[in-house]
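Reckoned from all heavy atoms, side chains included, excluding hydrogens, waters and symmetry mates. All of these numbers come straight from a predicted model, not from anything done at the bench.
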Amino acid sequence: MASVSYGPEAIVLVLAVAGGAGLGFTLPVTLAIAALLAVLVASYRQLIAAYPNGGGAYAVARARLGHRTGLVAAASLVVDYVLNVAVSIAAGVAALTSAFPALLPYAVWICLAVLVGVTALNLRGIASSARAFMIPTAVFVVGIFTVIIAGLLRSEPLSVAEGTAVAVNVQTVGVLLLLKAFASGCAALTGVEAIANAVPSFREPRVRTAQRAEVALGILLGTMLIGLAVLIGKFALHPVEGTTVLSQLTEASLGHGIGYYVVQFATVVLLALAANTSYGGLPTLMRLLADDNCLPHRFALRSSRQVYRHGVLTLGVFAGILLIGSRGNMNTLVPLFAIGVFVGFTIAQVGLVRHWRVTRGTGWRWRAALNGFGATLTAVAALVTTAMKFTEGAWLIVVALPLLVFLMERVRAAYSAIGGSLHLGEVPAVPAANGTVVVVPVAEVSALSREAIETALSLGSDVVAVRVCPVGESPRAFTKAWEAWHPGVPLVLLDDADAGLAPTLTRYVTETFEGRRVVVVIGEVEPGTAWQRILPNRRGDELDRALRRETDAVICRVRLRVGRSVPEDRTRRVGTP
């Protein structure tokens, strides 16, 4: 529904380059988009019945067009979800700044503030329900129809938005201009696939309920688009800097009173909800791709709040990059949104053609013809939008889609190689005990060294303490303190020879214990207060990284919390009996 707020504007911005003559084609172009909407609704009703487990274009492509085409569909969905957040937030802020022009210079900062807020809420695991979404959706739909009906009843606009007209280079009306307007306006159709993606979320009977929802969406969306297009022609609206077309229509039909602000605020809220839906969709999609070894498995991990945290953060970061790059301008982002959407539409319908040709059920010929016709239309829309907007940012989508597919293929290949190394699916040999040596790096005779050695003794009987002596330091003082303590484990002194702690210890482990299982116990101090955590030198981190990179040693890190009372009978001053 929210696409109504930016779909008509995308058409007007393109046609405005031909002046009044071009704007006169707003209704015919919108009727063509409504016809495509009808085709898509009919196609997706069939998709819902054929693939009731959800997944939309990804499910169809994976089943009928092969793994790689499925990844293309998945990549288009990833791009769509990210752009949906950026477009919805930018459009919502545009509606807000239209109502309050003084906020216009701060549009980018407002966009980023909204993005951070929505991301933070989703990281905390907010729950959404259909009932919570119904109220703002109903207010928005009623508001739009009120604008349409009131506008149709007026002979002239009640109020005219003030502002500077958008400067354009006047062109003549031609086929390419009309195709460009058609392709841009098709951004209003971006929500058609959402129902097919979420069929399992509907109540029983799921297929029939989802199909009815698809038809209801098509009727409402088509009626609102056509109604707004009629008003654009009736009031002879043109693009105005800092004011959305929907704001102009609302002001022309209802004036600049309470009705105007209700519609604008309803638009802002609905667009925020539209952005929020991506936070439920993309992390789930990324989890499915991770389960299929096409993304790192960390995207399948849930936080303690049952949130796919990595997916939420990834979505927020890339949406923020788009908002900054576009300076919060929704008209820069909308055409990019349409490209990814129509790639998905095209793949889904081509997959359905293949589906009908394989299954050959009742009426398969006309079903395949309908899907083939729809695939042709959406492919043309995608190509035209890409060609017309290539230098204005569409190249980003052209690069992003194959790059995402390539990266997912690489991740899948990497997991396949890892699985081969682990001999997954094979019965491993019986585990056998292996002589284990436990190495304890020590820097001084202290309670930390005692904790580390106690841990080492609990892990194995063959324990050796190792101290790397800095250049120029005499080992005699440390040796004397160690002998006075007499912890019961041998001490090895190493000269670092300017190599440093990590390289020296790593070389010692590699050269001395080749063929044996090695456990390295690293003792660390953990300060009791937050600000004191900047005080330790973090040499343990450096040593950990070096050992993991250069050896097969098992790393055990022991933390001694500073401030704990230590039993008196377990400590004594070095040199006392």
Side-chain angles (χ1 to χ4, degrees), residues 1-12 15 23-45 48 88 91 95 130 133-154 157 181-196 209-235 237 244-254 259-260 262-264 266-267 269-271 273-274 334 338 341 345 370 374 377-378 381:
M1 295 296 182
S3 59
V4 168
S5 63
Y6 49 77
E9 180 150 354
I11 300 173
V12 171
L15 295 178
L23 292 172
F25 283 91
T26 301
L27 181 57
V29 170
T30 303
L31 290 173
I33 293 172
L36 176 58
L37 173 63
V39 173
L40 288 173
V41 168
S43 292
Y44 272 83
R45 286 187 76 253
I48 290 168
S88 297
F133 278 56
M134 281 175 61
I135 296 175
T137 303
V139 172
F140 176 79
V141 172
V142 170
I144 295 298
F145 277 107
T146 301
V147 169
I148 293 172
I149 294 171
L152 292 175
L153 295 177
R154 297 191 185 283
F182 172 80
S184 297
C186 282
L189 309 181
T190 52
V192 172
E193 189 174 0
I195 292 174
T209 306
Q211 287 178 326
R212 289 175 177 173
E214 191 76 67
V215 172
L217 171 66
I219 292 174
L220 284 172
L221 188 57
T223 303
M224 288 191 288
L225 288 173
I226 294 172
L228 293 176
V230 171
L231 291 187
I232 290 172
K234 180 177 180 178
F235 295 143
L237 294 186
T244 64
V245 168
L246 183 59
S247 173
Q248 293 183 62
L249 289 174
T250 305
E251 196 169 358
S253 298
L254 305 180
Y260 169 82
V262 168
V263 174
Q264 291 301 104
T267 303
V269 173
L270 194 69
L271 285 162
L273 294 177
V334 166
V341 169
F345 283 159
L370 173 65
L377 292 179
T378 54

Test log, rule side chain to side chain contact (heavy atoms under 4.5 Å, CB included), inputs Ile226 and Ile148: CA-CA 10 Å; Ile226 294 172; Ile148 293 172; over 6 Å; no

Atom pair CG/OG1 of Leu15 and Thr26 - distance to nearest 0.5 Å: 5.0 Å

Inter-residue atom distance Leu31.CG - Leu225.CG, 0.5 Å rounding: 10.5 Å

OG-CG distance between Ser88 and Leu270, expressed to the nearest 0.5 angstrom: 9.0 Å

Smallest separation among heavy atoms of Thr267 and Phe140, with atom names: OG1-CE1, 3.5 Å

Gap between atom CZ of Phe145 and atom OG1 of Thr223 - 0.5 Å precision: 5.0 Å

Euclidean distance, Leu370 CG relative to Arg45 CZ, rounded to 0.5 Å: 11.0 Å

Check: Phe235 and Ser253 side chains under 4.5 Å, non-hydrogen atoms: yes

pair Leu221-Ser3: side-chain heavy atoms closer than 4.5 Å: yes

Gly374 to Val39 - nearest heavy-atom pair and separation: CA-CG1, 3.7 Å

Closest non-hydrogen atom pair, Thr30 against Ala229: OG1-CB, 3.4 Å

Side chain proximity check, Thr378 to Leu40, heavy atoms < 4.5 angstrom: yes

Derivation of the side chain to side chain contact (heavy atoms under 4.5 Å, CB included) call for Leu246 and Thr250: CA-CA 6 Å; Leu246 183 59; Thr250 305; 4.2 Å; yes

Test item: Glu214 side-chain N/O and Val41 main-chain N/O as donor-acceptor pair under 3.5 Å: no

Non-hydrogen atoms of Tyr260 and Glu251 that approach each other most closely: CD1-N, 3.9 Å

Side-chain heavy atoms of Val12 within contact of Leu237, under 4.5 Å: no

Straight-line distance of Leu228 CG to Glu9 CD, nearest 0.5 Å: 11.5 Å

Trace of the side chain to side chain contact (heavy atoms under 4.5 Å, CB included) decision for Thr137 with Met134: CA-CA 5 Å; Thr137 303; Met134 281 175 61; 5.8 Å; no

Flag side-chain contact, heavy atom, 4.5 Å: Leu37 against Ile33: no

Leu254 vs Val263, side chain to side chain contact (heavy atoms under 4.5 Å, CB included): CA-CA, chis, key distance, verdict: CA-CA 10 Å; Leu254 305 180; Val263 174; 4.1 Å; yes

Polar contact flag, side-chain donor to acceptor under 3.5 angstrom, Tyr6-Thr244: no

